[in-house]
A.B. asks: 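Dropping the structure in here first, questions after.
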Amino acid sequence: GNVLGAAEKHAVEAFLAHKAVNPTRSRHWAVDVTWVFPNFHIDLSPGGFWSHRFWPVTVNSTRWEAEFHIPDAVDARQRLQQELYAARLAEILLEDVTNTERTQRGLESRAHDFIQLQDGEVMIRHSLHHVDKWVKAKTVAEALA
């Protein structure tokens with residue numbers, strides 16, 4: 001089964017067959033993530049999706065809001081599958097929060113003033129590039145260039 005989905009096998013197969021899902025057909029694909037600048041993610045998977053919003057609070061803290069969007073269950077089996085889906089995603093998100101908090105503490109230690117991102121973190125690099133571009137821009141036109 002799909003550990004990041006809340007759908008029956010036929011629905012998972014239909015989801016995965018859609019041309020917009022995993023367009024490169026990578027065998028390492030797990031979930032599609034769409035980032036809407038500057039602070040919103042939509043993550044799609046079979047049987048539902050979840051969203052994140054990030055709100056800067058101070059120079060070194062952020063409020064992170066996550067919501068799960070799952071259709072109403074038609075029976076007890078589907079409800080259990082959906083609960084397991086949400087629990088698994090919550091586990092992943094809590095792992096991400098822990099890693100983010102540790103990274104922040106590491107940056108605040110001043111041992112390094114940069115983060116080395118692995119090759120698979122293309123979206124993080126891309127989003128940070130654009131946030132940095134907007135912060136440094138003197139005008140909206142410059143930020144959009």
Side-chain angles (χ1 to χ4, degrees), residues 1-9 11-73 78-145:
N2 185 321
V3 297
L4 291 179
E8 299 289 330
K9 183 178 179 183
V12 171
E13 290 168 354
F15 179 83
L16 295 175
H18 193 284
K19 66 182 181 178
V21 174
N22 187 18
T24 64
R25 298 297 176 225
S26 170
R27 63 186 180 93
H28 302 292
W29 179 90
V31 66
D32 280 345
V33 177
T34 302
W35 175 56
V36 180
F37 181 81
N39 69 333
F40 185 70
H41 289 187
I42 303 171
D43 302 9
L44 306 172
S45 66
F49 67 96
W50 65 101
S51 61
H52 312 263
R53 286 179 305 280
F54 304 90
W55 302 103
V57 177
T58 67
V59 71
N60 64 350
S61 66
T62 300
R63 178 184 171 95
W64 182 4
E65 299 172 349
E67 291 181 347
F68 298 97
H69 308 273
I70 304 168
D72 292 336
Q78 186 180 36
R79 176 62 189 261
L80 178 60
Q81 186 177 25
Q82 291 172 341
E83 292 295 331
L84 291 171
Y85 165 75
R88 177 68 178 125
L89 290 174
E91 180 183 325
I92 292 168
L93 294 178
L94 289 172
E95 179 182 326
D96 289 348
V97 167
T98 299
N99 289 335
T100 302
E101 289 172 342
R102 288 178 179 157
T103 299
Q104 182 64 38
R105 281 195 308 273
L107 288 170
E108 289 175 359
S109 76
R110 298 181 179 256
H112 290 286
D113 60 356
F114 64 92
I115 298 172
Q116 184 68 41
L117 295 171
Q118 59 139 320
D119 291 344
E121 300 294 4
V122 173
M123 191 174 87
I124 292 173
R125 257 198 240 71
H126 180 76
S127 64
L128 291 175
H129 164 77
H130 285 284
V131 168
D132 190 55
K133 185 176 171 183
W134 274 85
V135 168
K136 291 178 178 173
K138 291 182 175 55
T139 65
V140 171
E142 183 181 335
L144 291 171

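FYI, side chains are in, hydrogens and waters are out, and symmetry mates aren't considered; it's all heavy atoms of this structure. Since the structure is predicted, the reported quantities are computational estimates derived from the model, not experimental observations.
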A.B. asks: Please verify the inter-ring angle class for Trp134 with Phe37; under 30° counts as parallel, over 60° as perpendicular, anything in between as tilted.
C.D. replies: tilted

A.B. asks: Are any non-hydrogen side-chain atoms of Trp50 and Ser45 less than 4.5 angstrom apart?
C.D. replies: yes

A.B. asks: Is any side-chain heavy atom of Phe49 less than 4.5 Å from a side-chain heavy atom of Thr34?
C.D. replies: no

A.B. asks: Which donor-acceptor pairs under 3.5 Å do side chains of residues 115-122 form with protein atoms, sequence neighbours excluded?
C.D. replies:
from	atom 1	to	atom 2	distance (Å)
Gln118	OE1	Gly120	N	3.2

A.B. asks: Which atom names give the shortest non-hydrogen contact between Gln78 and Asp72, and what distance separates them?
C.D. replies: OE1-O, 4.0 Å

A.B. asks: CZ of Arg63: more than 12 outside heavy atoms within 6.0 angstrom?
C.D. replies: no

A.B. asks: Does Thr62 use its side chain to pair, donor to acceptor, with the backbone of Trp64 at less than 3.5 Å?
C.D. replies: no

A.B. asks: For Ser51, check side-chain contact (heavy atoms from CB on, under 4.5 Å) against everything at least two apart and list the hits.
C.D. replies: Phe40, Arg53, Glu67, His69

A.B. asks: If a pair satisfies salt bridge (charged side-chain N to carboxylate O under 4.0 Å, His left out) and one of its residues is in residues 130-142, list it, with sequence neighbours excluded.
C.D. replies: Asp132-Lys136

A.B. asks: What's the spacing between Asn22 CG and Phe15 CZ if we round to 0.5 Å?
C.D. replies: 9.5 Å

A.B. asks: What class does the angle between the rings of Trp35 and His130 fall in, given that below 30° is parallel, 30 to 60° is tilted and above 60° is perpendicular?
C.D. replies: tilted

A.B. asks: Taking the six-membered ring for Trp, are His129 and His126 parallel (under 30°), tilted (30 to 60°) or perpendicular (over 60°)?
C.D. replies: tilted

A.B. asks: So which heavy atom on Pro71 is nearest to which on Gly47, and how close?
C.D. replies: CD-O, 3.3 Å

A.B. asks: CD1 of Ile92 to CG of Asp43: how many Å apart, nearest 0.5 Å?
C.D. replies: 10.0 Å

A.B. asks: Listed by chain and number, what are the side-chain contact (heavy atoms from CB on, under 4.5 Å) partners of Asn60, not counting sequence neighbours?
C.D. replies: Thr58, Gln104, Glu108

A.B. asks: Is the backbone of Leu107 close enough, under 3.5 Å, to the side chain of Arg110 for a donor and an acceptor to pair up by distance?
C.D. replies: no

A.B. asks: Answer yes or no: are there more than 12 heavy-atom neighbours, outside Arg79 itself, under 6.0 Å from its atom CZ?
C.D. replies: no

A.B. asks: Please list, chain by chain and in numerical order, all residues satisfying side-chain contact (heavy atoms from CB on, under 4.5 Å) with Arg102, sequence neighbours excluded.
C.D. replies: Thr98, Asn99, Arg105

A.B. asks: Taking only residues two or more places apart in sequence or in another chain, which ones pass side-chain contact (heavy atoms from CB on, under 4.5 Å) with Ser109?
C.D. replies: Ala111

A.B. asks: Find the distance between CG (Leu84) and CD (Gln81) and round it off to the nearest 0.5 Å.
C.D. replies: 8.0 Å

A.B. asks: Can you tell me how far the NE2 atom of His18 sits from the CG atom of Leu44, to the nearest 0.5 Å?
C.D. replies: 10.5 Å

